[in-house]
Amino acid sequence: MTEIARGLDHPWSMAFPPAASGLTGVLVTERGGRLLQVVPGQAPRVIAGVPAAYHNSQGGLFDVVLHPRFAENHLLYLSYATGNKDNNFTRITRARLQDGRLIDARVIFQVTPGKDTPVHYGGRMAFLPDGSLVMTTGDGFDYREQAQRLQSGLGKIVRLADDGRPMASNPFVGRRQAQASIWSYGHRNPQGLAVDSVSGRLWAHEHGPRGGDELNLIQKGGNYGWPVATFGLDYSGATISPFKRYKGMIDGRVVWVPSIAPSGLAVYRGALWPDWQGDLIIGALVNQEVRRIDLDAAGNVLGQARIFPSIKARVRDVRVAPDGAVWVATDEGADQKPGGRVLRVTP
């Protein structure tokens with residue numbers, strides 16, 4: 001395990017520029033609002049021109065993903081909280097990275113309706129093999145019923161063109177009072193999203209309440225049950241629903257009781273661990289660990305186990321680098337020792 005950076009302020013996401021882009025290192029977001037270029041052996045470089053985020057509780061700057069043709073166009077996408085304590089949203093801005101700053105920034109998507117809670121934003125993004133962009137949205141905590149309502153953008157996974165328009169092939173396009181951007185629904189607060197480049201499968205995991213964290217294989221138009229079906233209890237101990245499963249709603253491939261608080265998700269495709277091909281790598285905040293989910297070729301779960309036992313910290317993000325190494329971001333503030341860290345792990 002190699003420490004690439006420390007003293008960061010709640011690093012949230014990482015993205016690796018392709019070698020052909022001319023950029024080195026890794027791009028790292030901090031929840032407080034900074035986008036960094038982190039190169040091993042050098043002090044992190046702050047990227048200028050990042051849009052201001054609403055930084056409160058769980059709100060702030062979230063994910064960074066690169067356009068599939070980033071080497072040619074240098075376009076990247078940022079998800080973040082915006083608004084104020086009475087009315088805030090998850091938003092996506094697209095911008096071009098040039099000479100250490102973002103230019104041509106444009107808001108391309110914003111979740112509606114707004115909410116007055118500084119939690120449960122979702123905010124993970126990924127590009128599908130067809131070039132469309134997907135993003136998770138949270139239920140806003142106090143608005144969990146919205147996850148079942150197709151007129152609401154809360155508690156969903158949305159699918160967009162690279163300019164933010166809803167894709168014409170989305171499942172609810174043309175349905176009265178349904179948001180055209182919705183790809184799946186019935187989610188609580190998904191903070192892991194990853195695409196298998198070989199199979200094309202889209203995986204997501206989400207936080208349950210007190211128990212009931214889930215790993216899901218995402219299907220077009222799928223209803224993942226929240227809050228009608230859940231293995232979790234309310235934080236007070238009260239029952240949220242009498243149903244753990246419900247007809248017409250999709251069960252999790254893995255359900256964690258008690259909660260591990262999953263955050264960050266990657267599909268392993270690399271040369272360093274040949275036996276892990278197609279398996280999932282998951283970070284955990286509460287359990288302070290990294291897990292591997294063993295999958296067969298059809299995507300069935302065979303088992304799970306903790307990996308990298310020397311990492312004992314709240315893990316916010318996990319990524320597989322182009323060389324097959326696994327990179328890990330830990331969730332501590334800059335005022336905590338040793339602060340948020342970026343780690344590189346190899347066999």
Side-chain angles (χ1 to χ4, degrees), residues 12-13 29 31 33 50-65 76-95 105-128 132-167 170-173 175 177-193 202 204-207 216 218 220-227 263 265:
W12 213 93
S13 179
T29 60
R31 196 177 69 211
V50 174
Y54 172 58
H55 184 211
N56 182 18
S57 185
Q58 296 175 7
L61 180 59
F62 303 136
D63 212 349
V64 53
V65 298
L76 58 75
Y77 297 74
L78 296 172
S79 63
Y80 55 99
T82 187
N84 53 53
K85 67 181 182 65
D86 298 316
N87 193 31
N88 55 82
F89 319 81
T90 306
R91 174 182 283 179
I92 301 174
T93 283
R94 185 180 75 176
R106 184 167 71 88
V107 175
I108 64 166
F109 182 78
Q110 183 167 289
V111 175
T112 58
K115 57 190 183 60
D116 57 2
T117 55
V119 292
H120 288 208
Y121 291 95
R124 288 288 181 191
M125 297 185 291
F127 274 96
L128 297 179
S132 60
L133 175 68
V134 285
M135 183 184 74
T136 68
T137 76
D139 68 353
F141 189 79
D142 287 342
Y143 303 98
R144 58 195 183 200
E145 294 81 7
Q146 298 286 329
Q148 287 294 319
R149 296 173 182 166
L150 294 178
Q151 65 267 42
S152 171
L154 298 176
K156 309 298 190 295
I157 293 177
V158 299
R159 176 172 172 258
L160 311 166
D162 65 357
D163 62 1
R165 293 175 295 110
M167 295 293 290
N170 282 352
F172 305 109
V173 170
R175 181 179 294 194
Q177 294 187 334
Q179 293 197 10
S181 60
I182 294 173
W183 185 248
S184 65
Y185 64 110
H187 300 288
R188 185 173 182 268
N189 188 27
Q191 290 193 332
L193 191 66
L202 176 62
H205 62 57
E206 60 188 80
H207 297 280
N216 288 302
I218 303 302
K220 177 180 180 178
N223 182 349
Y224 289 83
W226 176 257
S263 184
L265 176 63

> Under the side-chain contact (heavy atoms from CB on, under 4.5 Å) criterion, do L265 and L193 qualify, and how do the steps go?
Replying inline: CA-CA 6 Å; L265 176 63; L193 191 66; 5.6 Å; no
> Step by step, would you call L133 with V65 a side-chain contact (heavy atoms from CB on, under 4.5 Å)?
Replying inline: CA-CA 10 Å; L133 175 68; V65 298; 4.1 Å; yes
> Rounded to the nearest 0.5 Å, how far apart are OG1 of T136 and CZ of R188?
Replying inline: 13.5 Å
> Has the side chain of Q148 got a donor or acceptor atom that lies under 3.5 Å from a matching backbone atom of W226?
Replying inline: yes
> Parallel, tilted or perpendicular: which fits the ring planes of Y121 and F62, with parallel below 30° and perpendicular above 60°?
Replying inline: tilted
> Testing H120, R144, K115 for side-chain hydrogen bond (donor to acceptor under 3.5 Å, both in side chains) with D139, which one passes?
Replying inline: H120
> What's the spacing between L160 CG and I108 CD1 if we round to 0.5 Å?
Replying inline: 6.5 Å
>> Tell me whether T137 contacts the main-chain N or O of G155 through its side chain, where contact means a donor paired with an acceptor under 3.5 Å.
In response: yes
> side chain to side chain contact (heavy atoms under 4.5 Å, CB included) with N170: which residues, sequence neighbours excluded?
Replying inline: R159, P166, M167, V173, W183
>> Restricting to non-hydrogen atoms, name the atom on I182 and the atom on L150 that form the minimum distance, rounded to 0.1 Å.
In response: CD1-O, 3.3 Å
> Between atom OH of Y80 and atom CG of L61, what is the distance when rounded to the nearest 0.5 Å?
Replying inline: 9.0 Å
> Is the backbone of S263 close enough, under 3.5 Å, to the side chain of Q191 for a donor and an acceptor to pair up by distance?
Replying inline: no
> So, for G140 and T117, which heavy atoms are closest and what is the spacing to 0.1 Å?
Replying inline: O-OG1, 2.7 Å
>> Whether K85 engages the ring of Y54 as a cation-pi pair (distance to the six-membered ring centre under 6.0 angstrom, angle to the ring normal within 45°) should be assessed.
In response: no
> Do you know the tightest heavy-atom contact between S79 and G123?
Replying inline: OG-O, 2.6 Å
> What orientation do Y224 and H187 show, parallel under 30°, tilted 30 to 60°, or perpendicular over 60°?
Replying inline: parallel
>> Tell me the closest heavy-atom pair linking G192 and R124, and the distance in Å.
In response: N-CG, 3.7 Å
> Taking C-beta and beyond as the side chain, do T112 and Q179 meet within less than 4.5 Å on heavy atoms?
Replying inline: yes
> Is there a donor-acceptor pair closer than 3.5 Å between any side-chain N or O of N189 and the backbone N or O of G122?
Replying inline: yes
> So how far is it from T90 OG1 to K156 NZ, rounded to the nearest 0.5 Å?
Replying inline: 12.5 Å
> For the atom pair NE2 (H205) and CD1 (I218), what is the distance rounded to the nearest 0.5 Å?
Replying inline: 11.0 Å
> For T29 and D63, what are the C-alpha separation, side-chain angles and deciding distance, and is it a side-chain contact (heavy atoms from CB on, under 4.5 Å)?
Replying inline: CA-CA 7 Å; T29 60; D63 212 349; 5.9 Å; no
> Of all heavy-atom pairs between L78 and P51, which one has the smallest distance, and what is that distance?
Replying inline: CD1-CD, 3.9 Å
> Between CZ of R91 and CD of Q110, what distance do you get to the nearest 0.5 Å?
Replying inline: 4.5 Å
> G60 and A53: which non-hydrogen atoms are nearest, and at how many Å?
Replying inline: C-CB, 3.7 Å
>> side-chain contact (heavy atoms from CB on, under 4.5 Å), that's the test. Do Y77 and D162 meet it? Break it down for me.
In response: CA-CA 9 Å; Y77 297 74; D162 65 357; 3.3 Å; yes
